Amino acid sequence: MPHAEAPNFFVPERPMCDPDSIRIIHVGMGASGLLAAHKAKKMLQNYELVCYEKNGTIGGTWYENRYPGCACDIPAHTYTFPFERNPEWSGYYSYAPEIQDYMMNFYKKHDLEPFVVLNTAVVGATWDQLSGKWEVELQRKDGTTFTDTCNVLINGSGVLTKWKWPAIQGLHEFKGVLAHSANWPQDLDWKDKRVAVIGTGSSSIQMVPRLAETATSVTVFMRSCTYIAPQFGSNISNKEADADAKDPAAAGKHQYTEKEKQKFRDDPEYHLEYVTKVEKAIVGGWDMFYRGSELNRAAKDFMQKSMNERLGNREDLKRHFIPNWSPGCRRLTPGEGYLEALIRPNVNCVFEEISEVTSTGIRSAGGTLHEIDILACATGFYVQYQPHFKITGIEGQVMQDQKEPNVYASIAAPGFPSYFVVNGPRGNWGQGCALPSHESQIEYILKCCRKMQEDQIKCIVPKEDVTTQLNLYMDEWHRQHSIWFEDCKSWYKDNKPDGRVYIWPGSLLHHLKFMRQPRYEHYDITYKDPNNIWAFLGNGRTISQVKYGPDAPVPYIRNNEDEPWDIE
């Protein structure tokens with residue numbers, strides 16, 4: 001329009017990109033909650049963040065999972081936040097209590113207590129279009145409820161948080177000890193007891209060898225086959241730190257010497273080099289997951305031969321337990337001692353379906369009653385493709401009503417403004433460590449928060465058509481290339497052999513590269529004042545000019561062209 005007819009625009013008396021206040025609620029205080037609190041202190045100004053944690057302490061997964069032998073399937077030195085290495089790990093693989101200690105030390109070191117409210121669960125969230133805020137329903141441990149509001153809601157509760165009992169007739173009629181791997185009684189003594197274990201997933205693989213050491217008998221009910229992986233990075237030596245250093249081995253079978261740990265403490269560059277070698281040993285094997293690749297075929301041949309050898313003359317186990325599909329279609333676990341435990345004289349493997357649980361034991365489909373004292377259910381979790389709390393978005397749509405998750409790049413959802421999920425469907429589930437992707441996703445989310453603050457944005461939400469196209473692309477990638485598309489049952493596929501694959505379509509490095517910068521063109525953006533979207537330009541000054549006056553920094557003047565610069 002002609003200049004003379006331009007309407008009068010309100011020009012705020014504040015500097016350009018002066019951040020509006022923003023309130024953020026993060027669900028949970030496990031790894032992603034710790035990262036959210038730590039990174040917000042570095043990346044945001046003029047903000048409030050509260051992490052509501054249902055438990056009485058922080059830690060999430062590593063606080064809740066305490067079954068016998070519970071350990072991480074990733075080498076300890078790479079199972080850390082990538083910027084916060086730990087020279088004190090006791091062994092190449094770490095048990096759950098030591099990882100929980102790491103999380104607690106991080107929490108205390110970075111003074112994150114002000115951001116968390118414990119013993120408080122999120123039970124619902126509803127989007128208020130008028131205010132552009134989430135109304136979040138919360139329940140304290142004593143049963144009382146209250147409501148909080150926020151501009152941005154981050155679901156960091158994880159995909160494996162709600163453990164499940166197996167759907168077996170009579171399960172709760174059992175008169176002995178009924179235990180679940182995710183809710184293990186800490187005073188349980190299985191010495192000289194008859195124990196049954198249901199399941200062949202990672203918790204069972206870690207649990208069975210420990211139980212078999214002192215139990216009178218262990219009966220393992222095996223419905224699914226799986227691979228037992230070799231140790232990751234088994235060829236990595238630390239002899240430079242100590243000539244007596246052990247070669248990498250399973251949890252409990254390898255310990256770092258005090259001399260090794262002292263080298264890690266005194267020489268951060270050496271420690272970085274060591275951790276980098278271990279990480280490359282894991283990430284460098286990604287081609288194993290690329291269907292038809294040389295490494296894919298070699299890994300399958302090697303693992304099948306290795307399992308055949310370790311199972312000796314147990315043809316029944318070889319026939320029922322060694323898969324035909326590729327390694328990694330179910331998550332690989334380096335289950336040291338598991339195959340050896342299965343062929344112990346006090347271990348019995350049952351391949352029949354379970355028909356019922358009685359007051360004294362388990363009856364298999366063939367009619368045999370296996371009498372036991374302890375029933376251990378290593379039956380995993382309800383996979384949280386959808387949030388465990390009811391979430392209501394634009395025009396009253398409920399996320400849980402969707403037939404399948406509709407998620408943009410594992411991190412946001414059309415129809416649910418300013419809502420983010422950490423490592424949601426289509427995330428980094430199938431390979432390597434989750435913590436690097438957690439860091440990248442938290443930084444991605446906080447960049448979105450900062451943009452909302454600086455550009456005076458009311459809310460952002462991924463576009464439906466962009467999300468649909470992305471998910472169809474991912475489907476096709478898996479159909480053409482991934483081992484996860486093979487005929488195996490996995491929680492990556494909602495435990496359906498032909499289910500949709502909810503894993504990122506590429507390597508960990510591929511995933512991290514995508515997450516480095518939000519693609520805001522993939523989002524619909526609603527400004528606080530839709531008729532004056534340029535209000536963020538302010539009064540013509542920058543924040544640095546307000547802070548420093550004539551002495552404001554001029555960082556674009558530099559010797560090195562490649563040196564990054566920005567103006568506050």
Side-chain angles (χ1 to χ4, degrees), residues 72-79 82 92-93 200-202 205 224-237 247-250 273-311 318 321-336 338-339 410 426-437 473-493 497 501-514:
C72 187
D73 59 6
I74 297 294
H77 277 277
T78 59
Y79 196 83
Y92 192 70
Y93 289 95
T200 55
S202 60
I205 289 168
S224 303
C225 55
T226 194
Y227 283 101
I228 303 301
Q231 303 301 327
F232 300 123
S234 58
N235 61 338
I236 293 174
S237 170
D247 290 332
E273 181 183 344
Y274 175 80
V275 175
T276 300
K277 286 179 184 177
V278 178
E279 180 71 0
K280 283 185 174 181
I282 299 169
V283 175
W286 181 78
D287 268 11
M288 181 176 64
F289 304 110
Y290 202 90
R291 194 168 72 248
S293 70
E294 183 178 344
L295 187 57
N296 165 234
R297 293 192 298 269
K300 183 176 182 179
D301 182 61
F302 172 81
M303 290 190 201
Q304 288 181 343
K305 286 181 178 177
S306 171
M307 291 179 68
N308 262 291
E309 291 172 2
R310 292 164 66 185
L311 288 173
K318 295 177 185 179
F321 195 61
I322 300 176
N324 292 318
W325 32 263
S326 293
C329 199
R330 294 180 70 187
R331 185 171 175 92
L332 288 171
T333 297
E336 179 77 16
Y338 181 69
L339 296 177
S410 79
R426 292 284 166 61
N428 174 38
W429 294 353
Q431 43 120 7
C433 179
L435 297 184
S437 52
Y473 179 90
M474 291 179 171
D475 289 342
E476 183 60 19
W477 184 89
H478 282 291
R479 190 188 70 79
Q480 291 187 28
H481 297 303
S482 93
I483 53 96
W484 296 294
F485 195 79
E486 294 181 21
D487 186 22
C488 75
K489 285 179 66 176
S490 165
W491 66 265
Y492 305 147
K493 300 157 64 172
V501 182
Y502 289 106
I503 288 183
W504 184 260
S507 66
L508 170 61
L509 298 178
H510 185 271
H511 177 70
L512 297 182
K513 181 174 175 60
F514 180 92

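All figures in this text were calculated on a predicted structure; none of them were measured in a lab.
- Judged as a side chain to side chain donor-acceptor pair (under 3.5 Å), and not counting sequence neighbours, the contacts of Arg426 are Asn471, Asp475.
- Evaluation of the side chain to side chain contact (heavy atoms under 4.5 Å, CB included) rule for Pro505 yields Met474, Trp477, His478 as partners, not counting sequence neighbours.
- Residues meeting the side chain to side chain donor-acceptor pair (under 3.5 Å) test with Trp504, sequence neighbours left out: His510.
- For the side chain to side chain donor-acceptor pair (under 3.5 Å) test, residues two or more places apart in sequence or in another chain that qualify with His77 are His271.
- In this view, Cys225 satisfies the disulfide (SG to SG under 2.5 Å) rule with no residue, not counting sequence neighbours.
- Listed by first and then second residue, the side-chain hydrogen bond (donor to acceptor under 3.5 Å, both in side chains) pairs that reach into residues 279-290 are Tyr290-His481, sequence neighbours excluded.
- For Ala249, the side chain to side chain contact (heavy atoms under 4.5 Å, CB included) partners are Lys253, His254, not counting sequence neighbours.
- Residues Tyr79 and Cys433 share a closest heavy-atom pair of CD1-SG, 3.6 Å.
- Formation of a donor-acceptor pair under 3.5 Å by the Arg331 side chain with backbone atoms of Trp429 is found in this model.
- Within the structure, salt bridge (Lys or Arg N to Asp or Glu O under 4.0 Å) contacts touching residues 476-488 (residues at least two apart or in different chains) are Glu476-Arg479.
- The heavy-atom pair separating Ile282 from Pro75 by the smallest distance is CD1-CD, 3.5 Å.
- Evaluation of the ring-ring contact (aromatic ring centres under 6.0 Å, His included) rule for Tyr502 yields Tyr385 as partners, not counting sequence neighbours.
- The salt bridge (charged side-chain N to carboxylate O under 4.0 Å, His left out) check on Lys318 picks up Glu315, with sequence neighbours excluded.
- Applying the side chain to side chain donor-acceptor pair (under 3.5 Å) test to Lys305 and every residue at least two apart in sequence or in another chain returns Asp301.
- Under the salt bridge (charged side-chain N to carboxylate O under 4.0 Å, His left out) criterion, Arg291 pairs with no residue at all, not counting sequence neighbours.
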